[in-house]
Each structure stands twice: as structure tokens, then as C-alpha cells.
Colleague: 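Provided herewith is a single structure, encoded as C-alpha cells, for subsequent inquiry.
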Amino acid sequence: MDEIRPSSGAPAHGLVPLFPPGLQAIYGECRRLYPDQANPLQVTAIVKYWLGGPDPLDYISMYRNVGCPALDVQEHWHYVSFGLSDLYGDNRVHEFSGADGSSGFGFELTFRLKREVGETAPPTWPAELMQGLARYVFQSENTFCSGDHVSWHSPLDNSESRIQHMLLTEDPQMQPIQTPFGTVSFLQIVGVCAEELQAAQQWNGQGILELMRGIKIAGGPWLITDMRRGETIFEIDPHLQDRVDQGIETEGSNLSGVSAKCVWDDLSRPPDDEEDSRSICIGSQPRRLSNKDTEQIRETLRKGLEFNSKTALPPISSQKQSHERAPSRKDSLESESSAAIVPHELVRTRQLESVHLKFNQESGTLLPLCLRGRLLHGRHFTYKSINGDTAITFVSTGVEGAFATEEHPYAAHGPWLQILLTEEFVEQMLGDLQELNTHDETKLPKEYSWPEKKLKISILPDCAFDNLLQ
């Protein structure tokens, strides 16, 4: 439970030792921006996290920001968290490892909310939103980075708003600070519509944020969230969709995998061959992935998306790697994981002659993105079943570390299937799967087959997977 009260501000100089240095450092940056708001309203966790309370953030300060008329930035409320970084330095929450690295998780969250006409006090719902994100970070130990996306699947303020998801970016005013316990940066939450989230997933978050900066109602230069915004950036300016499509075409997609409804069958084996069948999730004891495989797929899905969950957040990690390295036609399944793909000695890798892939419609609509945005750029893409250990990874000939090869393009390691597709075959599949690009409801089931490649793909209604996965 939280309470709202004015903050006490910085204490007198003689009491500085009683004032936590990490807290003081963040207050210092806030005072730099808001010298006339020494005691802002603050949402405070009544029972601190380190005393068994449910809320990881000790405090969330709420400031009134006048904006910047010169940049056409409107007046808004500015929220700042305290608790993801190390406030105390005594190991009560975060392990203290010295001043040279990151303080705690290395960042605090901020949020900018449009101030409505006549509003005299900041709404407090953003504080609970920030606590929710903080709980995810503490429980999963997955940190956030600029450009990351968060699938929330619910209006951020529990209203009827279209703003139901989030992107993260550097706060435009708050500078990274050095504290006695390490460095702290400030990541700003930006509310987005479902269509904007999808575009960020299919292209990249930074690209969508840049488009939003150019539209005042969608955020403007400081990316201020307006919960009453009723139009997506693509409805405001339809040409922006062309920018996204062009970005995917030229730069590829940052989305390396999704959690999905999917199964695969080995058509090389008789259906009653229980020992070698890889008809996934049928039977009471499906085969388990090795720890190395599980870790590999988990890392691959770090930028992924939870299709069927409101409460669980997708694992999210840094996209810096793809931004910093030079464009390359070669990718590696090991590049996004500390665990190399080394087949477990108890589970042999099998080469398959023919496979049948089955996806629900939501997963199937991502196949063109998988092919055009990932494989044609020398990358890989993974579908991880939301039920059990099933995984399907598509790899291009430029991917290193895969156990599927050009000689044996279909290979299975337990319930993990890898499919290697040549550029020529990818182009052929894109032509054949063109109708999946449309957002119209396709009459299901839908089947695509490439007999010469011994590959079949079916798009099935959700109920088919409910039956298969029971």
C-alpha cells in the first residue's frame, strides 16, 4: 500500500549522514530541474520492500513541468521513481558492488503525463504503473533499456483508453548521475497504442519513438503521454506506415522471437512411432528441453512478446547490441546468449526429412515478418510455444551455431525444431504467404505446401491448439 504526502526534501547540512546518499543523488538531479519544487507530492510505500512490503519503489515524486514553448512542449506532470537503483548502499535491497558500476539495476523510471485543463494535482495512477514495472524487474531480474517495449494489454490508467502498452526511452531532461553506489540513468515510460507497439516489435522501438517525437498529440519532442489520444500515429499520418515498412525492408526487424501457439510434426516418421515422434505436446509426458536449450531459447525470446497474457510481462533486454554493431549479413544463435548451442549428450540431434508446422492465426501473420525482416537479413526467428517446451526456430544460411544445415535443413533437438531456409526459398515462401500480410480474418484452416522441399504449414483456429495442448 502507498500513501501520498509532500516529500521532506533535502535535510539540513548537519543531517546529511542520516539521508541515504543514493536518494540524495536523485533528489539533486530533480532539484536541478525543479528548483522551485523542493517538496513535491510523493507516493510512498508504507511498508518498504526491504521490510516485506509489496512495492519495490520506496518513493515516486510528482512534479509539475511547465513544458517548453520554444519546442512546442505542453505542460505536464513528471513522475520520478526511487528504488530501482541503490538508495542506501548497505545491501538491504541491492548488493553493493562499488561506485564504478551500476547502482542497483542502474536506472530509475520516469513518466510524463499531459496535464489536463483545470487539473491542480497530479493523478496517482502512474505510481502504481511504475510499481508494477518495478515488481517485474525485481522478480525477473531483467532490466530495461531504451527502445524496449512492454506489452501491457490494458489501459495504463484502467480507463477505456487506447493507450495500453509502453515503450521506454531516455528521459529528455534528466541526465545520468554518478552516486556513491554507482551510476543511475533515467528511463522514461511512453504510453502507446496496440498498433504502435506492434510496429515497434516488428521494426524497432527507437524508430517508432522517433516518429512519435514528430507528432505533438502523440508525444512530441519530450514524448508526453496523453491518455485521451484516440488516434494512432498511423491514423494521424498514414505515410508513417511506409516509413516502418521501409525500415523493416532496409534494416530488418529487431523482433527475434515470440511466445505463440504452435506445434510441429515430423512427417518422416509413422505417427505411431512413439520413441521418435516429435508431435509436440501430445501425450502425458512430452520430452523436456535440456538446460542449455532452455537458456538459449529464453535468451532468444528476451525481446519477445506474450500474446496471451495480461499479467505477465515479456522478458525484455537490451537492444543495444543490434544498434551498436555494424550491419551484417551474418548472425549467430550464440550472439544473444551466454549459453552456446551444444547438444545435450543425452538428447541426440535428429535430421528430419519432412515437417509440418502448425500456427494459430496471430502467430501465422508474423511469418512474413520472420522471413522478410529476419531471415533475409541473415538473422533467426523463434516461435516458443506458450504450452510446454515446443520451439520452432527459423534460421538463414548466414546464422552461425545452428544445428540445421543446408544439407539437412530440418533438425530437431528434443522438442526444439530448427528450419534452415535459403534466400531463394524465403523469396518463394514470401510470394506464397502474401495473403498473411493482410489484417483481414482469413478463413481457417489454411494450408501451404512446398512438396519439393517436404515442408507444410497450416494456419489453424485457436481451438485446434486448445485440443492439442490439453
Colleague: Around Q351, counting heavy atoms of other residues, nucleotides and ligands shown, do more than 12 lie under 6.0 Å from its CD?
Modeller: yes
Colleague: Any donor-acceptor pair under 3.5 Å linking the side chain of T225 with the backbone of G191?
Modeller: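 Yes.
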Colleague: When you compare the side chains of Y136 and Q131, does any donor N or O come within less than 3.5 Å of an acceptor on the partner?
Modeller: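 No, no side-chain donor-acceptor pair sits under 3.5 Å.
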Colleague: Can you give me the closest heavy-atom contact between P368 and L436, atom names plus distance?
Modeller: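 That would be CG-CB, 4.0 Å.
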Colleague: Does the cation-pi check pass for K358 over F465, that is, NZ or CZ under 6.0 Å from the six-membered ring centre and within 45° of its axis?
Modeller: no
Colleague: Once you round to the nearest 0.5 Å, how far does OG of S363 lie from NZ of K261?
Modeller: 9.0 Å
Colleague: As an exercise, state the distance from CG of L240 to CZ of F234, rounded to the nearest 0.5 Å.
Modeller: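 The CZ atom of F234 is 6.5 Å from CG of L240, to the nearest 0.5 Å.
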Colleague: Run the ring-centre check on H380 versus F394 and record whether the distance is less than 6.0 Å.
Modeller: no
Colleague: Charged N to carboxylate O below 4.0 Å: is that the case for E196 and R229?
Modeller: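 The answer is yes: the pair qualifies as a salt bridge.
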Colleague: Under a 3.5 Å distance rule, please check whether D266 uses its side chain to pair with a backbone N or O of S268 as donor and acceptor.
Modeller: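 Indeed, once roles are kept as given, a pair shorter than 3.5 Å links the two residues.
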Colleague: Run the side chain to side chain contact (heavy atoms under 4.5 Å, CB included) check on I419 and T393 step by step: do they pass?
Modeller: CA-CA 6 Å; I419 298 181; T393 296; over 6 Å; no
Colleague: Among L367, N360, L433, which residue satisfies the side chain to side chain contact (heavy atoms under 4.5 Å, CB included) criterion with I459?
Modeller: L367
Colleague: If you define the side chain from C-beta out and look only at heavy atoms, does anything of Y410 sit under 4.5 Å from L267?
Modeller: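 No, too far: nothing below the 4.5 Å cut-off.
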Colleague: Enumerate, atom names and distances included, each donor-acceptor pair closer than 3.5 Å involving a side-chain atom of residues 77-84, sequence neighbours excluded.
Modeller:
unit_1: W77; atom_1: NE1; unit_2: E119; atom_2: OE1; d: 2.8
unit_1: H78; atom_1: ND1; unit_2: Y34; atom_2: OH; d: 2.6
unit_1: H78; atom_1: NE2; unit_2: R112; atom_2: NH2; d: 3.4
unit_1: H78; atom_1: NE2; unit_2: D171; atom_2: OD2; d: 3.0
unit_1: Y79; atom_1: OH; unit_2: P123; atom_2: O; d: 2.6
unit_1: S81; atom_1: OG; unit_2: E108; atom_2: OE1; d: 2.5
unit_1: S81; atom_1: OG; unit_2: L109; atom_2: N; d: 2.9
unit_1: S81; atom_1: OG; unit_2: L109; atom_2: O; d: 3.3

Colleague: Examine distances only and state if a side-chain atom of W222 and a backbone atom of C68 form a donor-acceptor pair shorter than 3.5 Å.
Modeller: no
Colleague: Check whether D55 reaches the backbone of L57 with its side chain - one donor and one acceptor, N or O, closer than 3.5 Å.
Modeller: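 Side chain of D55 to backbone of L57, a donor-acceptor pair under 3.5 Å: no, none is there.
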Colleague: Looking only at heavy atoms, what is the nearest atom pair of P409 and A404, with distance?
Modeller: O-CB, 3.5 Å
Colleague: Give a yes or no on whether the backbone of S253 and the side-chain of R379 come within a donor-acceptor separation of less than 3.5 Å.
Modeller: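 At least one qualifying donor-acceptor pair exists.
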Colleague: Determine whether a donor-acceptor pair (N or O, by modelled atom type, separation under 3.5 Å) exists between the side chain of E75 and the backbone of N65.
Modeller: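 Such a contact is absent between E75 side chain and N65 backbone.
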Colleague: Mark yes or no for whether Q418, through its side chain, and F403, through its backbone, hold a donor-acceptor pair below 3.5 Å.
Modeller: yes
Colleague: Would you check if the side chain of T382 reaches a backbone N or O of K384 as a donor-acceptor pair within less than 3.5 Å?
Modeller: no
Colleague: Using distance alone, with no hydrogens and no angle criterion, decide if Q241 and E195 have a side-chain donor and acceptor under 3.5 Å apart.
Modeller: no
Colleague: For the residue pair G252 and W203, what are the closest heavy atoms and their distance?
Modeller: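 Here G252 and W203 meet closest at O-CD1, 3.8 Å.
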Colleague: Using the ring-ring contact (aromatic ring centres under 6.0 Å, His included) rule, collect all pairs that involve residues 352-371, keeping only residues at least two apart or in two chains.
Modeller: F359-Y383
Colleague: Rounded to the nearest 0.5 Å, what separation is found between the CD1 atom of I189 and the CG atom of L167?
Modeller: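 Spacing of CD1 (I189) from CG (L167) equals 11.0 Å.
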Colleague: Closer than 3.5 angstrom, by distance alone: can the side chain of S354 be matched with the main-chain N or O of K454 as a donor-acceptor pair?
Modeller: yes
Colleague: Taking it one step at a time, do E210 and R243 satisfy salt bridge (Lys or Arg N to Asp or Glu O under 4.0 Å)?
Modeller: CA-CA 11 Å; E210 193 55 40; R243 297 268 300 275; over 6 Å; no
Colleague: What I'd like to find out is whether the side chain of I457 reaches to under 4.5 Å of the side chain of E447, using heavy atoms alone.
Modeller: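 When only atoms from C-beta onward are counted, E447 and I457 do not touch, as no gap falls below 4.5 Å.
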Colleague: My understanding is that only residues two or more places apart in sequence, or in another chain, count here; which of them pass ring-ring contact (aromatic ring centres under 6.0 Å, His included) with H165?
Modeller: H153
Colleague: Would you check if S449 and P451 make a side-chain contact, meaning some heavy-atom pair closer than 4.5 Å?
Modeller: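 Yes. Closest side-chain heavy atoms under 4.5 Å.
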Colleague: When the ring centroid of F138 is compared with that of H94, is the distance short of 6.0 Å?
Modeller: yes
Colleague: Answer yes or no: is there an ion pair linking E231 with R162, defined by an N-O contact shorter than 4.0 Å?
Modeller: no
Colleague: Under 4.5 Å between any side-chain heavy atoms of E160 and P155, yes or no?
Modeller: no
Colleague: Between E406 and T422, does the side-chain hydrogen bond (donor to acceptor under 3.5 Å, both in side chains) criterion hold? Intermediate values first, please.
Modeller: CA-CA 8 Å; E406 288 194 61; T422 63; over 6 Å; no
Colleague: Passes side chain to side chain contact (heavy atoms under 4.5 Å, CB included), V399 versus L420? Steps please.
Modeller: CA-CA 9 Å; V399 173; L420 187 144; over 6 Å; no
Colleague: Provide the full list of salt bridge (Lys or Arg N to Asp or Glu O under 4.0 Å) pairs with a residue in residues 216-225, sequence neighbours left out, each pair given once.
Modeller: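 Qualifying pairs, neighbours excluded: D72-K216.
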Colleague: Do Q201 and I208 touch side chain to side chain, with heavy atoms closer than 4.5 Å?
Modeller: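 Side chain of Q201 against side chain of I208, heavy atoms only: no contact under 4.5 Å found.
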Colleague: Just verifying a value: how many Å separate W152 CH2 and L197 CG, rounded to the nearest 0.5 Å?
Modeller: 13.0 Å
Colleague: Once you round to the nearest 0.5 Å, how far does CD of Q361 lie from CG of L460?
Modeller: 10.5 Å
Colleague: Could you walk me through whether R135 and E128 pass salt bridge (Lys or Arg N to Asp or Glu O under 4.0 Å), step by step?
Modeller: CA-CA 10 Å; R135 278 190 287 271; E128 181 51 40; 2.6 Å; yes
Colleague: Who are the side chain to side chain donor-acceptor pair (under 3.5 Å) partners of Q164, not counting sequence neighbours?
Modeller: none
Colleague: Please list, chain by chain and in numerical order, all residues satisfying ring-ring contact (aromatic ring centres under 6.0 Å, His included) with F186, sequence neighbours excluded.
Modeller: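 F186 satisfies ring-ring contact (aromatic ring centres under 6.0 Å, His included) with no residue once adjacent residues are dropped.
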Colleague: Check step by step if side chain to side chain contact (heavy atoms under 4.5 Å, CB included) holds for W125 and M227.
Modeller: CA-CA 12 Å; W125 63 261; M227 293 303 298; 3.6 Å; yes
Colleague: Are F111 and M166 side-chain neighbours, meaning at least one heavy-atom pair lies under 4.5 Å?
Modeller: no
Colleague: Assess the residue pair Q246 and D242 against the criterion (side-chain hydrogen bond (donor to acceptor under 3.5 Å, both in side chains)); give the C-alpha distance rounded to whole Å, side-chain angles, the decisive distance to 0.1 Å, and a yes or no.
Modeller: CA-CA 6 Å; Q246 183 182 9; D242 297 333; over 6 Å; no
Colleague: What's the spacing between L168 CG and L209 CG if we round to 0.5 Å?
Modeller: 8.5 Å
Colleague: Would you indicate whether the side-chain heavy atoms of H76 and Y63 approach each other to under 4.5 Å?
Modeller: no
Colleague: Between F425 and L455, does the side chain to side chain contact (heavy atoms under 4.5 Å, CB included) criterion hold? Intermediate values first, please.
Modeller: CA-CA 11 Å; F425 189 24; L455 174 65; 3.9 Å; yes
Colleague: State whether the side chain of T232 and the backbone N or O of E235 hold a donor-acceptor pair below 3.5 Å, judged by distance alone.
Modeller: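 Between the backbone of E235 and the side chain of T232 there is a qualifying donor-acceptor contact (under 3.5 Å).
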Colleague: Looking at side-chain heavy atoms only, is the closest gap between V355 and K456 below 4.5 Å?
Modeller: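 In short, these two side chains do not touch, never coming nearer than 4.5 Å.
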